[in-house]
Amino acid sequence: MGFLKEEIESLNRQFKGISPQEIISWALDNDTKAVVTTNFRPYEVAILHAVTDVNKNIPIIWCDTGYNTPQTYKHAEELISRLDLNIKLYVPKQTSSHRDVIMGIPQIDDPLHKIFTEQVKLEPFRRAMSEHKPDVWFTNLRKGQTAHRDSLDVLSLGNDGVLKVSPFYYWSDTQLDAYLREHNLPNEHKYFDPTKVLENRECGLHT
């Protein structure tokens with residue numbers, strides 16, 4: 001899509017306060033290939049609903065670590081069925097049972113944690129992006145989640161040239177709760193990411 005830094009900054013000023021669907025429509029009108037990534041964490045239903053409301057056929061990339069809670073898996077199945085999601089599932093090359101025997105889930109200060117993160121999240125993600133080769137990547141990143149995410153905006157350009165679009169970037173939990181009520185959408189809070197451990201810690205996909 002070839003945006004300059006100044007153009008991105010100008011668009012971000014324009015998009016502040018604009019509805020998510022308007023932002024999504026703009027991005028889809030300007031892209032050649034788009035994807036959504038999801039892990040079915042709390043409030044992910046908002047981005048899934050908003051994007052598929054504009055384009056039902058957009059690929060939804062789910063990189064499943066294999067360590068989700070039973071509640072998350074049930075939530076995922078409900079949303080896949082209810083929103084008729086075009087799911088593209090990517091999983092680690094090694095099963096969680098096999099990895100549990102070899103290393104388990106290392107603590108974040110353990111050198112093995114970097115290898116663990118590479119195996120269960122980064123490699124499947126790179127594989128997915130390599131196969132789909134998107135120009136636009138829709139995410140549900142929001143301001144206040146991590147220090148790194150606070151440095152982003154509705155639109156941000158990755159080093160690979162992919163335009164990252166976060167339509168709900170400035171939304172609070174209260175606003176998202178209202179959005180879910182308005183559209184009668186379910187949410188699920190019993191979620192666990194073994195690569196982050198701490199809520200305000202980055203997993204590596206967005207840095």
Side-chain angles (χ1 to χ4, degrees), residues 11-65 68-90 125 128-129 132 134-146 149-150 152-156 162-193 196 199-200 203 205-206:
L11 286 166
N12 278 326
R13 287 192 293 270
Q14 296 176 49
F15 287 162
K16 200 168 182 178
I18 299 298
S19 74
Q21 275 84 353
E22 288 180 90
I23 296 169
I24 291 163
S25 294
W26 171 86
L28 291 176
D29 283 345
N30 284 274
D31 96 289
T32 55
K33 209 168 186 182
V35 298
V36 185
T37 56
T38 187
N39 48 19
F40 294 101
R41 63 175 289 128
Y43 296 110
E44 283 289 287
V45 62
I47 187 69
L48 296 172
H49 174 269
V51 174
T52 56
D53 192 44
V54 177
N55 182 346
K56 289 290 292 182
N57 298 318
I58 190 166
I60 310 294
I61 293 174
W62 179 19
C63 293
D64 175 14
T65 64
N68 281 303
T69 66
Q71 292 85 356
T72 296
Y73 283 119
K74 290 177 182 177
H75 182 59
E77 290 303 315
E78 179 182 2
L79 295 186
I80 290 168
S81 175
R82 181 169 174 175
L83 300 177
D84 193 23
L85 300 180
N86 181 19
I87 284 287
K88 306 297 180 183
L89 178 64
Y90 289 83
F125 173 78
M129 297 298 267
H132 289 274
D135 298 304
V136 168
W137 170 17
F138 289 105
T139 80
N140 206 33
L141 298 188
R142 288 190 291 143
K143 188 175 178 64
Q145 289 178 325
T146 69
R149 295 177 191 193
D150 284 351
L152 304 176
D153 211 316
V154 173
L155 304 180
S156 57
V162 177
L163 183 68
K164 190 182 299 181
V165 183
S166 306
F168 292 95
Y169 183 75
Y170 288 103
W171 285 49
S172 66
D173 284 0
T174 301
Q175 289 173 300
L176 284 176
D177 284 331
Y179 181 94
L180 268 54
R181 285 194 301 271
E182 178 185 354
H183 297 284
N184 192 29
L185 297 169
N187 201 10
E188 177 53 62
H189 289 280
K190 290 185 179 178
Y191 173 81
F192 173 63
D193 185 340
K196 292 180 67 173
E199 182 62 26
N200 62 349
C203 62
L205 294 189
H206 299 283

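Hydrogens, waters and symmetry mates play no part in the numbers below; they use all other heavy atoms, side chains included.
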Legend entry - Smallest separation among heavy atoms of N12 and L155, with atom names: OD1-N, 2.8 Å

Inset, instruction - With the side chain counted from C-beta on, respond yes when R41 and D193 share a heavy-atom pair under 4.5 Å apart, and no when they do not. - result: no

Inset, instruction - Apply the test side chain to side chain contact (heavy atoms under 4.5 Å, CB included) to residues T72 and F192: give CA-CA distance (whole Å), side-chain angles for both, the deciding distance (0.1 Å), then the verdict. - result: CA-CA 9 Å; T72 296; F192 173 63; over 6 Å; no

Legend entry - Nearest-0.5 Å distance, OH of residue Y170 to CD1 of residue I18: 13.0 Å

Legend entry - Pairwise side-chain contact, R82 with N184, heavy-atom cut-off 4.5 Å (strictly under): yes

Inset, instruction - Decide yes or no for I47 and S166: does some side-chain heavy atom of the first lie under 4.5 Å from some side-chain heavy atom of the second? - result: no

Legend entry - K56 NZ: over 12 foreign heavy atoms closer than 6.0 Å: yes

Legend entry - Distance, nearest 0.5 Å, that separates OG of S25 from CG of D53: 8.5 Å

Inset, instruction - Please name the pair of heavy atoms, one in L185 and one in L83, separated by the smallest distance, quoted to 0.1 Å. - result: CD2-CD2, 4.4 Å

Legend entry - Chi angles and distances behind the side chain to side chain contact (heavy atoms under 4.5 Å, CB included) call for L176, R142: CA-CA 11 Å; L176 284 176; R142 288 190 291 143; 3.3 Å; yes

Inset, instruction - Check L48 against L85 and note the closest heavy-atom contact, atom names and distance. - result: CD1-CD1, 4.1 Å

Legend entry - CG-CZ distance between N187 and R181, expressed to the nearest 0.5 angstrom: 11.5 Å

Legend entry - Check: E77 side chain, K74 main-chain N or O, donor-acceptor pair, under 3.5 Å: no

Inset, instruction - Measure the spacing between CD1 of I24 and CG of D29 and express it to the nearest 0.5 Å. - result: 12.0 Å

Legend entry - Distance, nearest 0.5 Å, that separates OG of S156 from CG of L163: 7.0 Å

Inset, instruction - Examine H49 together with Y179 and report whether their ring centres are nearer than 6.0 Å. - result: yes

Inset, instruction - State, yes or no, whether a side-chain contact exists between M129 and F125 at a heavy-atom distance under 4.5 Å. - result: yes

Inset, instruction - Kindly assign one of parallel, tilted or perpendicular to the pair W62 and F40, based on the angle between their ring planes and the thresholds 30° and 60°. - result: perpendicular

Inset, instruction - Could you tell me the separation between the CD1 atom of I61 and the CH2 atom of W137, rounded to the nearest 0.5 Å? - result: 9.0 Å

Inset, instruction - Flag the pair W26 / F15 as yes when at least one side-chain heavy-atom distance between them is below 4.5 Å, and no otherwise. - result: yes

Legend entry - Test side chain to side chain contact (heavy atoms under 4.5 Å, CB included) applied to V51 and I60, V36, V165, the passing residue: V36

Inset, instruction - Can you see which heavy atom on E78 is nearest to which on P186, and at what distance? - result: OE2-CG, 3.6 Å

Legend entry - Verdict with supporting geometry, K16 and D153, salt bridge (Lys or Arg N to Asp or Glu O under 4.0 Å): CA-CA 9 Å; K16 200 168 182 178; D153 211 316; over 6 Å; no

Inset, instruction - For a side chain to side chain donor-acceptor pair (under 3.5 Å) with Y191, tell me which candidate from N68, N39, T69 qualifies. - result: N39

Inset, instruction - Determine the minimum heavy-atom distance between A34 and P59, stating which atoms define it. - result: O-CD, 3.5 Å

Legend entry - Sub-6.0 Å ring centroid separation between Y43 and W171: no

Inset, instruction - Would you indicate whether the side-chain heavy atoms of F138 and L28 approach each other to under 4.5 Å? - result: yes

